[in-house]
Amino acid sequence: MDGQRRAWLWQRVADGADHRSSAGWAGVVCEVAVDEIDVDAVAISVRSGARVQELVTVSEVWAQELEELQYTLGEGPGVEAFTTGGPVLVAEVHTARGRWPGFADAAGAHGLAAAFSFPLQSGAIRLGVLTLYRGRAGPLATGGLMDAAVLAELATAALLADATGSKRERAQWIREDSSGHYDAFNVATGMLAAQLRISIEEASLRLRAHAFSHNRSLLEVAQEVLRRHLSSDLFRE
Amino acid sequence: MTFEPEVFSDTVAAITARLAARHDGLSVVNAVIAACQTLLTPAVSGVLIADPRGGLTLLDASDERMPVVELLRSQAVQGPCLDCTMGKTVISSTDLEADGTRWPQFARAASTEGFRSVYAFPLRLDGRAVGGVTLLFTRCGELAEWQVRLGQSLADLAMLGLTQERDPRRVERLAELTLTAVNDRAHIAQAVGVLAGTLGLEPESARARMSECSSRTGRPLRELAQAITDGSLAPTALDVEKA
């Protein structure tokens, strides 16, 4: 049951993204989120540090204003999700005055009542945030929470695959294993990063690129790295 | 099976000290797993929890070798941990081989790995169960009644570590914590890889060193993983790291 819903969401985004330009997946994730979850607007932003933010896509201008507000004030659910690495679910924004004094009031004036932010991340790799905004207070229903978490995972997979470059590789992010939350994949990533003295993110990208270009699963490539069957020299640039 | 009162009190104190210091949930779960190993002496202990994205996800295990991890994980589909979560009650099989029709795939995979019996204790929250603690034994046999009660108490402590606050949003909060813990697990695995790659260790010994450092210094695993992956803690300094 759970697995079916997940596969259905992946398929829906993949189909939508097929019919769009190269950066289309993010727009499709936002569209699917607004369609399927009881919220009014959705935004995905990518960050390369706490102070640098690039807004990838929004479903409504309203979401863009709220994203900019957080960025300007340096506080809010999205900022917190990114810095702490955990989801931030706020069913009643007005109760968060102690947490974000500036944002709670300003967002209230913008008509925001509830916000739900999910970090786009894979272990040490933090890429950005998916935030759902709603004008009515109240928690996400269980199904909505699940959909949002799956869509955040999917957006992460898409971002990681996008970053590896070529168009052919980009198509691979729809593979379910591309989120790479296998333990073996993560251990292999750390190992490669240490051996090549590169960042975790860079090591993860090289492992992915290797798997995609040799048409192997991430798990297979990871296991070979761990058994030291694949020399780390293979991943040098 | 007996143990010294001193061992018992030290083992429980390792959990409660983390609770009192408000460590992250995964650190508490890690201490609960160590306590299961010491006090109930299974071959393997593992904790699975409901993933907000669906199914059960593995939070932590005493043995991180792939076949063992896969066996624990397979319980998302079939096995004692799924049953204890659905039924909100302790589930056991004192002889997996004789009991082969209950969870055919799980029993087969378990016996391939040399396990003969299993106990699963539910993680109880507000009248529901949101996962379970699985204990795998290489011998057949039943736990004494006090051991079953102890197992459930340890599972309750794990749950307490995951939802420490007295908050009406406990269930929502658990979703936040679970997603965070799943990512922490990925982060810790990356740090294990960095250690293994730098020091030329097997992943299992790298993981053991990290755990040892966390217990010795009181620094949560999550924090150590962060320090190792961002380069602020050199892998070679792990053995001499002070609290």
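The figures here come from the full heavy-atom set of this structure, side chains too, leaving out hydrogens, waters and symmetry mates. Every value quoted in this text rests on a predicted model; they were computed, and no experiment measured them.
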Which atoms form the tightest heavy-atom contact between [X] and [Y], and what is the distance?
X      : Y      : answer
A:M191 : B:A196 : CE-CB, 3.6 Å
B:R53  : A:M146 : O-CE, 3.3 Å
A:G85  : B:T180 : O-CG2, 4.0 Å
A:Q121 : B:N183 : CD-ND2, 3.1 Å

* Look at the side chain of B:E176 and the backbone N and O of A:G86, then say whether any donor-acceptor pair between them is shorter than 3.5 Å. => no
Segment of [X] engaging chain B (4.5 angstrom heavy-atom cut-off):
X      : result
A:S199 : neither
A:R197 : neither
A:I200 : side chain
A:A188 : neither

* Under a 4.5 Å heavy-atom cutoff, which of B:L58, B:T57, B:L179 has the most pairs with chain A? -> B:L179
* **Greatest number of heavy atom pairs closer than 4.5 Å to chain A - which of B:D230, B:L195, B:L201, B:I228** => B:L201
* To do: Evaluate side chain to side chain contact (heavy atoms under 4.5 Å, CB included) for A:V187 paired with B:E64, printing each intermediate quantity in order.
  => CA-CA 11 Å; A:V187 176; B:E64 295 278 352; over 6 Å; no
* Asked: Does some side-chain heavy atom of A:Q223 sit less than 4.5 Å from a side-chain heavy atom of B:M66?
  ->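 Side chain of B:M66 against side chain of A:Q223, heavy atoms only: contact under 4.5 Å found.
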* Please determine if A:D183 and B:R185 form a salt bridge, counting it only when a charged side-chain N lies under 4.0 Å from a carboxylate O. =>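 The answer is yes: the pair qualifies as a salt bridge.
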* Among A:L145, A:L192, A:V150, A:V225, residue most engaged with chain B (heavy-atom pairs, under 4.5 Å) -> A:V150
* Structure fact -> Among A:A124, A:A193, A:A149, the residue with the most heavy-atom pairs under 4.5 Å to chain B is A:A124
* Apply salt bridge (Lys or Arg N to Asp or Glu O under 4.0 Å) to B:E202 and A:R227, showing your working. => CA-CA 9 Å; B:E202 287 305 311; A:R227 281 191 240 109; over 6 Å; no
* Decide yes or no on side chain to side chain contact (heavy atoms under 4.5 Å, CB included) for B:Q190 and A:I125, but give the supporting numbers first. => CA-CA 10 Å; B:Q190 290 165 350; A:I125 308 166; 4.2 Å; yes
